[in-house]
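Notes for the one structure printed next.
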Amino acid sequence: AEIASDAYQGREAGREGADRAAEYIVSKLKVWKVAPAGVRGMYFQPFTAMGKQMRNVLAIVPGSNAKLKNEFVLIGAHYDHIGLARRGEDKVNNGADDNASGTAVVLEIARAFAALKERPARSILFAWWSAEEKGLVGSKFFVDNPTVNLRAVTACLNLDMVGRNAEDAIDIEGTGCSPDFKP
C-alpha cells in the first residue's frame, strides 16, 4: 500500500507522515466521489491529543432507501502506525500490516460502494482513525463527538491487520456480542 512507503515516515499520529496519509486517503475519496462526513463539510474530524493536532478521516455513501438511509453501517480502520525507530539502520516502521492493510481494504470498499449503480439501502459511513497506536484516541474522539447519530449505527466493522491471514482464512472477533456475524 502507498502509505506503507518510507515517504510516510511510519505515520505516527500528530506528525507529518500521518497528515500525508490522511491527505492521500482524501485524494482517493475525491476521485471516487465519496462524500465527506467529517465536520463543516470536510472529510476531516480534527482533534488535539497529547499536545498535537490530529484528524480522523470520514466519508459516506448515502443510502437509497427513504426509511433506512438515516441508519449507518460503519466500516473503519486506523491509518496511523508507530513512526520512526530510535535505533537501527532502517528507522521507518512502515506498518504495512498494522495498519496500511486495513486502511487499503476500507479504501477499496469505499471505492466499490461509490461505483455501484444501485446504492445500498442504509448509508455506509467510512472512517479512518488517527492515534489508534496512542490508545484508541481517534475512535474515542469520534464516539465522544460523533458526526452522525451513533444510535443509528446498526453495525460497525473495524479492519485491523488484515494482511497476514492465510489466503482462505479470516479472523472475526466480537461474534459473541454480535451473533449475526458468526455465520
Side-chain angles (χ1 to χ4, degrees), residues 1-4 8 11 13 18-47 54-80 99-132 136-163 165 170-175 177-183:
E2 165 72 19
I3 66 169
Y8 293 86
R11 305 180 315 279
D19 288 344
R20 289 187 65 220
E23 294 288 345
Y24 173 81
I25 293 165
V26 168
S27 74
K28 294 301 184 184
L29 296 170
K30 286 179 177 178
V31 168
W32 302 327
K33 296 179 175 45
V34 183
V39 297
R40 298 180 302 280
M42 300 185 308
Y43 288 97
F44 299 118
Q45 183 190 39
F47 61 96
M54 301 177 195
R55 53 196 174 169
N56 294 324
V57 179
L58 301 164
I60 192 165
V61 170
S64 62
N65 181 286
K67 195 173 187 179
L68 297 176
K69 70 180 179 183
N70 294 319
E71 293 183 4
F72 304 91
V73 174
L74 191 157
I75 303 173
H78 73 94
Y79 69 89
D80 68 306
N99 189 32
S101 63
T103 297
V105 171
V106 175
L107 272 169
E108 181 59 20
I109 294 169
R111 185 203 60 76
F113 271 105
L116 289 174
K117 291 200 184 332
E118 187 176 325
R119 299 291 170 118
R122 288 179 177 82
S123 296
I124 310 297
L125 179 65
F126 298 98
W128 292 267
W129 314 117
S130 185
E132 186 270 355
L136 308 176
V137 176
S139 57
K140 182 175 182 341
F141 183 83
F142 174 80
V143 169
D144 291 343
N145 305 275
T147 61
V148 301
N149 178 0
L150 291 183
R151 292 188 184 277
V153 175
T154 61
C156 177
L157 302 173
N158 182 61
L159 293 117
D160 195 356
M161 296 178 64
V162 298
N165 288 335
I170 187 167
D171 179 26
I172 300 176
E173 296 182 27
T175 56
C177 57
S178 297
D180 291 343
F181 286 138
K182 201 167 199 137

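Positions are given from 1, in the same order as the sequence printed here.
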Partners of Asp160 by side-chain hydrogen bond (donor to acceptor under 3.5 Å, both in side chains), sequence neighbours excluded? His78
Residues two or more places apart in sequence or in another chain: which of them pass salt bridge (charged side-chain N to carboxylate O under 4.0 Å, His left out) with Glu108? Arg111
Distance check, rounded to the nearest 0.5 Å: Asn56 atom CG versus Asn145 atom CG? 10.0 Å
At their closest point, which heavy atom of Leu29 faces which heavy atom of Ala59, and how far apart are they? CD1-CB, 3.8 Å
Residue list, ring pair (Phe, Tyr, Trp, His ring centres under 6.0 Å) with Phe113, at least two apart or on another chain: none
Rounded to the nearest 0.5 Å, how far does CG of Leu74 lie from CG of Leu125? 4.5 Å
Working note: Glu23 + Arg55, criterion side chain to side chain contact (heavy atoms under 4.5 Å, CB included); need CA distance, chi angles, decisive distance, verdict. CA-CA 10 Å; Glu23 294 288 345; Arg55 53 196 174 169; 3.0 Å; yes
Just by modelled atom types, is the Ala13 backbone N or O under 3.5 Å from a matching donor or acceptor in the Asp80 side chain? no
Got a sec, which residues hit ring pair (Phe, Tyr, Trp, His ring centres under 6.0 Å) with Trp128, two or more places apart in sequence or on another chain? none
What residues form a ring pair (Phe, Tyr, Trp, His ring centres under 6.0 Å) with Phe72, not counting sequence neighbours? none
Output the distance between atom CG (Asn149) and atom CD (Glu71), rounded to the nearest 0.5 Å. 10.0 Å
With sequence neighbours excluded, tell me which residues meet salt bridge (charged side-chain N to carboxylate O under 4.0 Å, His left out) with Lys69. none
Can you pull the salt bridge (charged side-chain N to carboxylate O under 4.0 Å, His left out) pairs that have at least one residue in residues 136-148, sequence neighbours excluded? Lys140-Asp144
Side chains of Thr154 and Leu68: does their closest heavy-atom pair fall under 4.5 Å? no
Of all heavy-atom pairs linking Ala127 and Leu58, the shortest is CB-CD2, 3.5 Å
What residues form a side-chain hydrogen bond (donor to acceptor under 3.5 Å, both in side chains) with Tyr43, not counting sequence neighbours? none
Test of understanding: with ring pair (Phe, Tyr, Trp, His ring centres under 6.0 Å), list the residues that count as partners of Phe141, not counting sequence neighbours. Phe47
Main chain of Gly63, side chain of Ser123: is a donor-acceptor contact present, judged purely on distance under 3.5 Å? yes
Taking the side chain from Arg11 and the backbone from Ile3, do they hold a donor-acceptor pair closer than 3.5 Å? yes
Using side chain to side chain contact (heavy atoms under 4.5 Å, CB included), reason through Leu107 and Tyr24 one step at a time and then give a plain yes or no. CA-CA 11 Å; Leu107 272 169; Tyr24 173 81; 4.3 Å; yes
Specify the closest pair of heavy atoms between Ala22 and Phe44, including all atoms of both residues, with the distance to one decimal. CB-CE2, 3.9 Å
Derivation and outcome, side chain to side chain contact (heavy atoms under 4.5 Å, CB included), residues Leu157 and Ile109: CA-CA 12 Å; Leu157 302 173; Ile109 294 169; over 6 Å; no
Heavy-atom closest pair (Ala110 atom, Val34 atom, distance to 0.1 Å) is O-CG2, 3.9 Å
Please list all pairs passing the salt bridge (charged side-chain N to carboxylate O under 4.0 Å, His left out) test where one or both residues lie in residues 25-39, with sequence neighbours left out. none
Quick check: does any side chain N or O of Asn99 sit under 3.5 Å from a backbone N or O of Tyr79, one acting as donor and the other as acceptor? no
Who passes side-chain contact (heavy atoms from CB on, under 4.5 Å) against Leu136, sequence neighbours left out? Glu132, Ser139
To the nearest 0.5 angstrom, please state how far the OG atom of Ser130 sits from the CG atom of Asp19. 8.0 Å
Met54 to Ala131 - nearest heavy-atom pair and separation: SD-CB, 3.6 Å
Sorted by chain and number, sequence neighbours left out, side-chain hydrogen bond (donor to acceptor under 3.5 Å, both in side chains) with Ser101 holds for Asp97
Applying side chain to side chain contact (heavy atoms under 4.5 Å, CB included), run through Phe126 and Val61 and close with a yes or a no. CA-CA 8 Å; Phe126 298 98; Val61 170; 3.7 Å; yes
Distance col, row Leu159:CG vs Thr103:OG1, nearest 0.5 angstrom, shows 9.5 Å
